[in-house]
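All remarks here apply to the structure that follows.
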Amino acid sequence: MSEWAQQPTELHVRHREADPSRDLDYPPLPEALAVGVYDNHTHLEISDGAPGSELDYREHLDRASSVGVKGVVQVGGDLETSRWSAQIAEREPRVLAAVALHPNEVPAYAAAGTLDAALAEIDALAAQPRVRAIGETGLDFFRTGEDWREAQLRAFEAHIQIAKNHGIALQIHDRDAHQAVMETLIRVGAPEKTVFHCFSGDAEMARFCADQGWYLSFAGTVTFKNAAYLREALESIPRDRILVETDAPFLTPHPYRGRPNSPYLIPTTLRAMAAHLETDVTMLAAQISSTTEEVYGLWDEDLPELIESLDRPE
């Protein structure tokens with residue numbers, strides 16, 4: 001067994017901030033999909049739910065499997081969660097990993113003088129075969145002030161280069177920074193497979209991104225009553241540019257908004273997307289599943305090596 005695989009795995013690395021106004025019960029299981037699909041962005045390292053009812057990553061995955069979710073991309077946001085994500089992907093065939101420094105985490109590394117060292121570790125993690133994306137990275141002008149925008153931009157550009165060096169996808173976090181994100185991708189040169197996680201732009205931006213060959217991933221927000229602009233964006237792009245995600249434990253789809261989210265709720269979002277597009281949910285699932293594999297590769301393509309590494313005697 002590899003040294004990496006032997007290391008103990010914490011079931012949770014983070015805990016969602018308590019909010020007494022939230023309903024902390026997990027929603028019921030939706031009807032299973034006839035054709036499976038993937039959750040292309042989730043955070044299983046973050047616990048949520050009422051005390052004693054939190055799900056660990058294995059329970060999330062088992063529930064997801066039971067309703068037709070074939071696999072997930074587990075996404076890191078700092079060194080600790082990126083290491084965790086890579087470790088889980090190494091031992092769990094339903095998980096691929098994305099690793100990065102979230103733009104809101106960049107200022108702390110920059111202030112400590114450790115940003116370059118942290119980026120070097122992300123680069124090293126990206127070399128692992130089941131790390132298939134750099135993310136989430138990008139720009140966030142909502143939570144981070146102007147004093148740290150230069151550091152965010154430097155880190156974003158570094159992440160873009162890491163993704164290109166390793167030939168893997170890029171997952172973008174873009175909050176109140178649409179123009180700056182797109183300009184950076186054009187100026188620096190976007191990786192071949194660039195994904196806007198939890199797409200939050202309008203139809204015009206969606207068409208521009210699709211024209212560049214980028215992918216748009218829709219989360220539970222596309223089901224919110226006040227998000228007509230997201231549904232307009234969804235219908236404005238080719239079907240082969242569409243991905244689906246949960247961003248669990250956040251952004252739980254309607255009618256469960258505010259409750260804990262999980263990959264098993266992908267069918268709820270997918271059915272809402274299919275209804276808006278006036279298409280068959282099975283056809284949409286098949287298209288999105290194929291597109292997701294195009295972006296990240298197959299979840300089981302290195303499965304024999306993974307199983308061998310876990311079973312190999314010390």
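- Screening I168, I134, L125 for a side-chain contact (heavy atoms from CB on, under 4.5 Å) involving I162 leaves a single residue, I134.
- A donor-acceptor distance shorter than 3.5 angstrom exists from the side chain of W299 to the backbone of V72, with no hydrogens or angles considered.
- The backbone N or O of N40 lies less than 3.5 Å from a partner atom in the side chain of Q171, making a donor-acceptor pair.
- In the model, D78 has a side-chain atom that pairs as donor or acceptor with a side-chain atom of T81 under 3.5 Å.
- One finds the CD atom of E31 at 10.5 Å from the OG1 atom of T268 (value rounded to the nearest 0.5 Å).
- With hydrogens and angles ignored, the 3.5 Å screen pairs a side-chain donor or acceptor of K193 with a backbone N or O of E294.
- By the neighbour-count criterion of 12 heavy atoms within 6.0 Å, atom CD of E235 is densely surrounded, having more than that number from other residues, nucleotides or ligands.
- With S85 as the partner, the side chain to side chain donor-acceptor pair (under 3.5 Å) test is satisfied by one option alone out of E80, R130, Q74: Q74.
- We find that R94 and D39 are not joined by a salt bridge, their nearest charged nitrogen and carboxylate oxygen being 4.0 Å or further apart.
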Derivation and outcome, side chain to side chain contact (heavy atoms under 4.5 Å, CB included), residues Q179 and L139: CA-CA 10 Å; Q179 195 63 35; L139 300 173; over 6 Å; no
Test log, rule side chain to side chain contact (heavy atoms under 4.5 Å, CB included), inputs M273 and I242: CA-CA 10 Å; M273 292 164 63; I242 297 172; 3.7 Å; yes
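- Formation of a donor-acceptor pair under 3.5 Å by the Y264 side chain with backbone atoms of P27 is found in this model.
- There is no side-chain donor-acceptor pair under 3.5 Å between S262 and R63.
- For R271 (side chain) and P30 (main-chain N/O), no donor-acceptor pair under 3.5 Å exists by modelled atom type.
- With R259 contributing its side chain and D23 its backbone, the two residues share no donor-acceptor pair below 3.5 Å.
- Cation-pi contact between R16 and F250: absent, since separation from the ring centre below 6.0 Å together with deviation from the ring axis within 45° is not met.
- No side-chain donor from either of T291 and D240 sits under 3.5 Å from a side-chain acceptor of the other.
- Using modelled atom types, one side-chain atom of K164 and one backbone atom of G189 make a donor-acceptor pair closer than 3.5 Å.
- Counting heavy-atom neighbours within 6.0 Å of R22 CZ, excluding the residue itself, gives a total above 12.
- A donor-acceptor pair under 3.5 Å is formed between the side chain of H276 and the backbone N or O of R231.
- A donor-acceptor pair is defined here as one N or O able to donate and one able to accept, closer than 3.5 Å; no such pair exists between the side chain of E136 and the backbone of H173.
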